[in-house]
Amino acid sequence: MPELPEVETIRNTLKRFVLNRTIKNVQVYWGKIIKNPDDVEEFKQLLMGQTIHDIKRKGKFLLFELDDITLISHLRMEGKYSVHYKDEPVKKHTHVIFEFTTDDELRYNDVRKFGTMHIVKKGEEYTQKPLIQLGPDPFDKEFTLDYFYKKLKSTNRSIKAVLLDQTVVAGLGNIYVDETLFKSSVHPLKKANKLTKKEVGEIRKQAILTLEEAVKQGGTTIRSYVNSQGEMGMFQQELSVYGQENKECPNCGKPITKMKVGGRGTHVCLNCQKL
DNA sequence: CACTATGTTGGTTG
DNA sequence: TCAACCAACATAGT
């Protein structure tokens with residue numbers, strides 16, 4: 001499901017409900033979501049008594065900052081967080097519940113069970129899995145044009161594959177890569193090391209602009225994404241190519257083509273994005 | 001009913 | 001080094 005704008009929206013909506021809440025107990029109904037520690041009982045023990053002081057985000061990861069540990073959560077395709085009173089019925093596909101000392105609790109719901117949770121010691125977030133290899137967030141200072149250009153120069157993979165590579169830049173997924181490449185007038189199969197510095201600058205700029213606008217709109221709801229208050233995003237109304245197969249290109253009016261690139265559905269205007 | 005696709009990513013293979 | 005394929009899993013669409 002979510003890419004950077006959706007995760008950021010979840011972070012913002014969730015913060016209103018869980019900051020300063022203390023975890024009294026944890027229920028885990030699908031243990032495979034817990035990756036570290038590998039023992040689910042240990043996972044629960046580490047969390048009990050901890051207070052949520054802040055929620056941060058890097059790329060598509062949420063970081064729940066607790067007293068002396070950080071819970072790092074990835075939603076993969078369908079993960080969702082929401083806060084409920086304890087007497088509200090638990091929905092199907094709810095796999096982890098963080099009970100607070102108050103009368104409410106944080107629930108993690110994930111239809112496809114692909115999501116992951118890691119606990120790491122405070123201060124060691126970036127020196128081990130799952131964040132150790134993660135590239136800069138597009139909104140971070142380190143995501144400079146120099147950095148990005150050097151990275152692209154060093155590989156002859158397709159630009160789409162590189163933009164999806166979270167070790168290069170963290171947060172873009174299938175929707176926003178297609179949108180970014182369209183707005184930059186770059187074909188997704190173009191080799192990264194064949195791009196001019198000007199083109200790389202345009203891709204970087206359009207990526208940041210697109211993500212910023214999508215955050216403003218509360219993300220993109222194609223199928224199932226909703227924020228932590230159950231609200232849909234609005235950015236789907238702004239999509240130029242993603243999901244627009246056979247519709248008119250907003251630039252030139254020619255039909256949008258859907259193709260496969262690196263196994264992913266890929267949307268392009270072949271008139272505006274030449275190889 | 002069979003088959004495909006889905007907002008992700010990690011592992012294997014050639 | 002990289003593309004291709006598969007795996008994890010459930011559901012919706014054709």
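Here is the naming used below: chain letters follow the sequence lines, and residue numbers restart at 1 for every chain. What you see below is based on every heavy atom in this structure, not just the backbone, and it leaves out hydrogens, waters and symmetry mates.
Between A:Met77 atom CE and C:dA12 atom P there is a gap of 14 Å when expressed in whole angstrom units. Residue A:Lys60 contributes atom NZ, which lies 4 Å from atom P of B:dT8 at whole-angstrom precision. In this structure, A:Ile222 places its CD1 atom 15 Å from C1' of C:dG13, rounding to the nearest Å. Distance A:Leu163 CG to B:dT9 C1': 16 Å, rounded to the nearest Å. Residue A:Asp110 contributes atom CG, which lies 10 Å from atom C1' of C:dA10 at whole-angstrom precision. The nearest whole Å value for the distance from the OH atom in A:Tyr176 to the C1' atom in B:dT6 is 15 Å. Regarding A:Asn174, its CG atom lies at a distance of 7 Å from the P atom of B:dT6, rounded to whole Å. Atom pair A:Lys160:NZ and C:dA3:P shows a separation of 14 Å (rounding to whole Å applied).
Taking every side-chain heavy atom of A:Arg264 into account, B:dT8 is the closest of B:dT8, C:dC2, C:dA10. You'll find that the side chain of A:Lys92 is closest to C:dT11, out of C:dT11, B:dT6, C:dA3. Ranking B:dT8, C:dC9, C:dA3 by closeness to the A:Arg157 side chain, first place goes to C:dA3. Looking at the side chain of A:Arg112, the nearest of the listed nucleotides C:dT11, B:dT8, B:dT6 is B:dT6.
For C:dC9, neither phosphate oxygen OP1 nor OP2 lies less than 4.0 angstrom from any side-chain nitrogen or oxygen of A:His93. Checking the phosphate oxygens (OP1, OP2) of C:dC5, no side-chain nitrogen or oxygen of A:Lys260 falls inside 4.0 Å. A close approach under 4.0 Å does not occur between any side-chain nitrogen or oxygen of A:Gln166 and OP1 or OP2 of B:dT8.
Put simply, NZ on A:Lys58 and CD on A:Gln166 are 11.5 Å apart, with the number rounded to the nearest 0.5 Å.
No contact: A:Gly263 has no heavy atom under 4.0 Å from any strand. A:Lys258 comes within 4.0 angstrom of the backbone, heavy atoms only, and of no base. Across all strands, A:Tyr242 comes closer than 4.0 Å only to sugar-phosphate atoms, never to a base (heavy-atom distances). Across all strands, A:Gly219 comes closer than 4.0 Å to no nucleic acid atom at all (heavy-atom distances). Across all strands, A:Thr155 comes closer than 4.0 Å only to sugar-phosphate atoms, never to a base (heavy-atom distances). Within 4.0 Å of A:Lys129, counting heavy atoms only, lies no atom of the nucleic acid at all.
Nucleotides B:dT4 and C:dC5 are separated by 13 Å at their P atoms, to the nearest Å. Comparing the same atom, P, in C:dC6 and in B:dC3 gives a spacing of 15 Å after rounding to whole Å. When the P atom is compared between C:dT11 and B:dT9, the two are found 22 Å apart, to the nearest whole Å. When the P atom is used for both C:dA4 and B:dA5, the distance is 15 Å, rounded to whole Å.
Aromatic ring centres of A:His95 and A:Tyr29: separated by at least 6.0 Å.
Contacts between residues 27-42 of chain A and DNA chain C, defined by a heavy-atom separation under 4.0 Å, are made by A:Trp30, A:Lys32.
Among the duplex regions that DNA chain B forms, those built from at least three successive Watson-Crick or G-U pairs under 3.5 Å are B:2-6 with C:10-14, B:8-14 with C:2-8, ordered by first number.
A salt bridge does not link A:Lys183 with A:Asp178: none of the charged nitrogens is closer than 4.0 Å to a carboxylate oxygen. Between A:Arg57 and A:Glu8 there is a salt bridge, with a side-chain nitrogen of the basic residue lying less than 4.0 Å from a carboxylate oxygen of the acidic one. Between A:Arg107 and A:Glu105 there is a salt bridge, since a side-chain N of the basic residue sits under 4.0 Å from a carboxylate O of the acidic one.
Checked by atom type, the side-chain pair A:Arg21/A:Thr51 shows no donor-acceptor distance below 3.5 Å. The closest side-chain donor-acceptor pair between A:Glu125 and A:Thr70 falls under 3.5 angstrom.
Taking the ring centre of A:Phe143 as origin, the terminal cationic atom of A:Arg204 falls inside the region bounded by 6.0 Å and 45° from the ring axis.
Screening A:Lys56, A:Lys122, A:Lys15 for a salt bridge (charged side-chain N to carboxylate O under 4.0 Å, His left out) involving A:Glu65 leaves a single residue, A:Lys56.
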Checklist entry - Could you walk me through whether A:Glu212 and A:Ile208 pass the side-chain contact (heavy atoms from CB on, under 4.5 Å) check? => result CA-CA 6 Å; A:Glu212 280 176 347; A:Ile208 293 170; 3.7 Å; yes
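Applying the side chain to side chain donor-acceptor pair (under 3.5 Å) criterion to A:Asp67, with sequence neighbours excluded, gives A:His53.
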